[in-house]
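No hydrogens, no waters, no symmetry mates; every other heavy atom, side chains included, goes into these values. Proteins come first, then strands; the chains are lettered A, B, ... in the order of their sequence lines, and each starts at number 1.
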Protein chains: 2
Amino acid sequence: MPTDPLSTTFAALADPTRRAILARLASGQCSVTEIAEPFDMSLPAVSKHLKVLERAGLIARGREAQWRPCRLDAGPLKEIHDWTEQYRQFWEETFDRLGAYLREIQSKEKKHARSRKK
Amino acid sequence: MPTDPLSTTFAALADPTRRAILARLASGQCSVTEIAEPFDMSLPAVSKHLKVLERAGLIARGREAQWRPCRLDAGPLKEIHDWTEQYRQFWEETFDRLGAYLREIQSKEKKHARSRKK
């Protein structure tokens, strides 16, 4: 099990259901029952996912005894966003190279088309 | 095991050693032996991490038989960056609220200090 905060966040996000729960909470806080609705999942299964998200600090839960609403906490998502930012130059270079390659192919195709017309 | 690309990337990044390997490759491609050096880890252990990164498309390996250099592939990091971007308004709101709260505290402290001077 990961112990550093960044690893815990990445691990929590490595599941499509947990990411869908975050997307649901982006439209407002709601109860566990409301979160479970679209997933065709048992409440214990949803609770397990919520615990993982809560441990990663991605959601927080109200303290009301009957209705403990969950709400999104986007702080750890900013951490991940900032972490990926350091690699921006690498993906931009990749797309620049891809763009240059595509332009080269297009230019060759145009030349080829012109020489066939002659 | 996660099967969708985004989950595979998140799972691959949920480990400090694997993130350190990516940071190492950001300064240029290198061999498995060179990658292993700073980690005090066996080559098989490093190879296992490299396989996880390769499966996630985060690194690519050369085809030379003797020296298979690894290089960073930042494409999946852009996917993660773009995915977190949709939550930007939430972390910005959080920091705005925190800023407002701090300003409120500072203003109260100043008033308190002035009333004690009188």
Side-chain angles (χ1 to χ4, degrees), chain A residues 1-30 49 52-53 55-60 70-99 101, chain B residues 1-30 49 52-53 55-60 70-99 101:
Chain A
M1 285 295 289
T3 49
D4 66 284
L6 208 52
S7 296
T8 306
T9 308
F10 277 126
L13 295 172
D15 182 283
T17 304
R18 288 198 289 270
R19 294 198 303 278
I21 291 174
L22 293 183
R24 170 74 186 82
L25 292 176
S27 59
Q29 61 175 12
C30 50
H49 282 308
V52 177
L53 291 170
R55 212 181 304 133
L58 287 161
I59 65 165
C70 299
R71 60 172 179 78
L72 178 69
D73 190 340
L77 297 177
K78 184 186 187 303
E79 299 298 319
I80 290 206
H81 191 267
D82 292 351
W83 182 84
T84 54
E85 189 63 36
Q86 65 184 314
Y87 293 99
R88 174 186 287 277
Q89 66 170 107
F90 295 96
W91 72 67
E92 283 181 348
E93 275 167 19
T94 308
F95 288 103
D96 285 351
R97 276 200 304 273
L98 194 67
Y101 178 68
Chain B
M1 284 295 289
T3 48
D4 66 283
L6 209 51
S7 296
T8 307
T9 308
F10 277 125
L13 295 172
D15 183 283
T17 305
R18 288 199 288 270
R19 293 198 303 276
I21 291 174
L22 294 184
R24 171 75 186 80
L25 293 177
S27 59
Q29 61 175 12
C30 50
H49 281 309
V52 177
L53 290 170
R55 212 179 306 134
L58 287 160
I59 65 166
C70 299
R71 60 171 180 78
L72 177 70
D73 190 340
L77 297 177
K78 184 186 186 303
E79 299 297 319
I80 290 206
H81 191 268
D82 292 350
W83 181 85
T84 54
E85 189 63 37
Q86 66 185 313
Y87 293 98
R88 173 186 289 276
Q89 66 170 108
F90 294 97
W91 72 66
E92 283 181 347
E93 275 167 19
T94 308
F95 287 103
D96 285 351
R97 274 200 305 271
L98 194 66
Y101 178 67

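Both the backbone and the side chain of A/Glu85 come within less than 4.5 Å of a heavy atom in chain B. With a threshold of 4.5 angstrom between heavy atoms, A/Arg88 approaches chain B through side-chain atoms but not through N, CA, C or O. Only the side chain of A/Leu72 comes within less than 4.5 Å of a heavy atom in chain B; its backbone stays farther off.
Separating the CD atom in B/Glu79 from the OG1 atom in A/Thr84 is a distance of 11.5 Å, to the nearest 0.5 Å.
For the ring pair (Phe, Tyr, Trp, His ring centres under 6.0 Å) test, no residue two or more places apart in sequence or in another chain qualifies with A/His49.
Interface residues of residues 20-29 of chain B toward chain A, defined by a heavy-atom distance below 4.5 Å and sorted by number: B/Leu22, B/Ala23, B/Ala26.
For the pair A/Arg19 and B/Tyr87, the tightest heavy-atom approach, listed with the atom from each and the gap, is O-OH, 4.1 Å. Of all non-hydrogen atoms in B/Asp15 and A/Ser7, the two that sit nearest each other are N-OG, 3.7 Å. Taking each heavy atom of B/Ala11 and A/Ala14 in turn, the nearest pair found is N-CB, 3.5 Å.
With a 4.5 Å cut-off on side-chain heavy atoms, B/Asp73 and A/Trp91 do not count as touching. Put simply, the side chain of B/Ile80 does not reach to within 4.5 Å of the side chain of A/Trp83, judged on heavy atoms. In this structure the side chain of A/Phe10 never reaches within 4.5 angstrom of the side chain of B/Thr9, judged on heavy atoms.
Contacts with chain B were tallied for A/Pro76, A/Ala74, A/Ala12; A/Ala74 has the most, counting heavy-atom pairs under 4.5 Å.
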